[in-house]
Chemist: 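One structure is given below, represented as structure tokens, and several questions about it will come after.
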Amino acid sequence: MPAARESLLDAAYTALARRPWPGVRMVDVAATAGVSRQTLYNEFGSKDGLARALLRRETDGYLHGVERALAEEREPADRLAAVAAWTVGAARTNVLVRAALTGCWSERLPAPSRAAGSTSSVPAQRRADAGVPSSGELLALVRDRTVLALGGRGRVRDPDLARACESAVRLALSYVVAPAGNDDDPTEVVRGAIGRWVAAK
């Protein structure tokens, strides 16, 4: 029932934009998605299960965006700049991605959690019940995917490249947490920093 699941997650995300997560009602999410409450409970098990699935979807969407950014550009500096731009844009427009990246969860948002021994018959829910990565784990995932994209498979891991990749994401996050008061473009800042790293190699 992937279509119903996505509709329910869309409805939950829309509801969260209108009110704090504690005020989001399952009956309203089901009605907005055009399915019964029983379908919602069959798919997610509980409101906590719905929250875990929503957080997993948004985090996975961010990581897919990182992969798209890495696939678009040719030069390493441009690819890292694309990851930085995606990170800033995703965090500015998606409160759940911002919380996952920064580790700053407000009372308006569903709290990240893990289900103790998921018994869901829905494979996607079992994955969601495992929880989302912490902000540090998420940063490590982005760093590792970036290193892989820039360093290629089969090469010995370059610690300087890993440091540069992590620094690029951390620099982008600084623009999320403390936006510049001027027109500084984080992608240009990252491109310059990474360009210097590439030139030094």
Side-chain angles (χ1 to χ4, degrees), residues 1-69 83-142 144-145 169 172-179:
M1 195 180 277
R5 185 176 181 86
E6 283 304 307
S7 294
L8 286 161
L9 290 171
D10 289 344
Y13 187 83
T14 300
L16 179 61
R18 294 184 184 136
R19 65 185 60 89
W21 185 252
V24 172
R25 298 180 338 142
M26 297 289 271
V27 65
D28 296 334
V29 170
T32 300
V35 300
S36 69
R37 259 193 325 167
Q38 188 58 52
T39 298
L40 188 148
Y41 282 101
N42 289 346
E43 195 66 32
F44 301 103
S46 66
K47 187 175 179 183
D48 286 341
L50 175 61
R52 285 189 293 274
L54 182 59
L55 293 173
R56 173 58 76 173
R57 182 183 77 163
E58 300 308 310
T59 304
D60 286 349
Y62 165 70
L63 289 171
H64 290 310
V66 166
E67 290 170 357
R68 284 191 306 273
V83 170
W86 167 250
T87 298
V88 171
R92 284 183 176 167
T93 59
N94 187 319
V95 67
L96 296 177
V97 169
R98 179 185 175 105
L101 285 166
T102 63
C104 298
W105 297 90
S106 77
E107 64 279 353
R108 288 189 54 85
L109 302 177
S113 66
R114 298 180 195 271
S118 177
T119 58
S120 177
S121 62
V122 179
Q125 190 58 37
R126 286 195 303 271
R127 183 170 187 277
D129 286 345
V132 296
S134 68
S135 57
E137 292 166 337
L138 190 54
L139 176 62
L141 286 170
V142 174
D144 293 347
R145 288 174 188 205
V169 178
L173 287 177
S174 73
Y175 278 82
V176 171
V177 174

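Throughout, numbering of the chain's residues begins at 1 and tracks the sequence.
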Chemist: To the nearest 0.5 Å, tell me how far Asn42 CG sits from Arg5 CZ.
Modeler: 12.0 Å
Chemist: Under 4.0 Å between a side-chain nitrogen and a carboxylate oxygen: does that hold for Arg127 and Asp60?
Modeler: yes
Chemist: Asp129 and Gly49: which non-hydrogen atoms are nearest, and at how many Å?
Modeler: OD1-CA, 4.4 Å
Chemist: Looking at every non-hydrogen atom in both residues, tell me the closest pair between Val24 and Lys47 and how far apart they are.
Modeler: O-NZ, 2.6 Å
Chemist: At their closest point, which heavy atom of Thr59 faces which heavy atom of Ala100, and how far apart are they?
Modeler: OG1-CB, 4.1 Å
Chemist: Show the nearest heavy-atom pair for residues Arg56 and Pro133, with the distance to one decimal.
Modeler: NH1-CD, 4.4 Å
Chemist: Taking the side chain as everything from C-beta on, heavy atoms only, tell me whether Val142 gets closer than 4.5 Å to Val83.
Modeler: yes
Chemist: Taking C-beta and beyond as the side chain, do Leu50 and Leu9 meet within less than 4.5 Å on heavy atoms?
Modeler: yes
Chemist: Find out whether Tyr13 and Leu96 are in side-chain contact, i.e. whether some heavy atom of one side chain is under 4.5 Å from a heavy atom of the other.
Modeler: yes
Chemist: Search all heavy atoms of Arg18 against all heavy atoms of Arg108 and return the closest pair with its distance.
Modeler: C-NH2, 4.5 Å
Chemist: To the closest 0.5 Å, what do you measure between CG (Leu141) and OH (Tyr62)?
Modeler: 10.0 Å
Chemist: Would you compute the distance between atom CD of Glu6 and atom CG of Leu8 and round it to the nearest 0.5 angstrom?
Modeler: 9.5 Å
Chemist: Output the distance between atom OG (Ser135) and atom CH2 (Trp105), rounded to the nearest 0.5 Å.
Modeler: 9.5 Å
Chemist: Answer yes or no: are there more than 12 heavy-atom neighbours, outside Arg25 itself, under 6.0 Å from its atom CZ?
Modeler: no
Chemist: Run the numbers on Leu40 and Val29 for side-chain contact (heavy atoms from CB on, under 4.5 Å), then give the verdict.
Modeler: CA-CA 8 Å; Leu40 188 148; Val29 170; 3.6 Å; yes
Chemist: Any luck finding a side-chain donor-acceptor pair between Tyr41 and Ser36 under 3.5 Å?
Modeler: no
Chemist: Using a cut-off of 6.0 Å, state whether more than 12 heavy atoms not belonging to Arg114 lie near its atom CZ.
Modeler: yes
Chemist: Taking the side chain as every heavy atom from C-beta outward, state whether Leu54 and Phe44 have any atom pair closer than 4.5 Å.
Modeler: no
Chemist: Please report the interatomic distance SG(Cys104) to CG(Leu109), rounded to the nearest 0.5 Å.
Modeler: 10.5 Å
Chemist: Between the side chain of Arg98 and the main-chain N/O of Val176, is any donor-acceptor distance below 3.5 Å?
Modeler: yes
Chemist: Give a yes or no on whether the backbone of Leu63 and the side-chain of Trp86 come within a donor-acceptor separation of less than 3.5 Å.
Modeler: no
Chemist: Kindly compute the distance separating CG (Asn94) from CD (Glu58), expressed to the nearest 0.5 Å.
Modeler: 4.5 Å
Chemist: For Val88 and Ala172, which heavy atoms make the closest approach, and how far apart are they?
Modeler: CG2-O, 3.4 Å
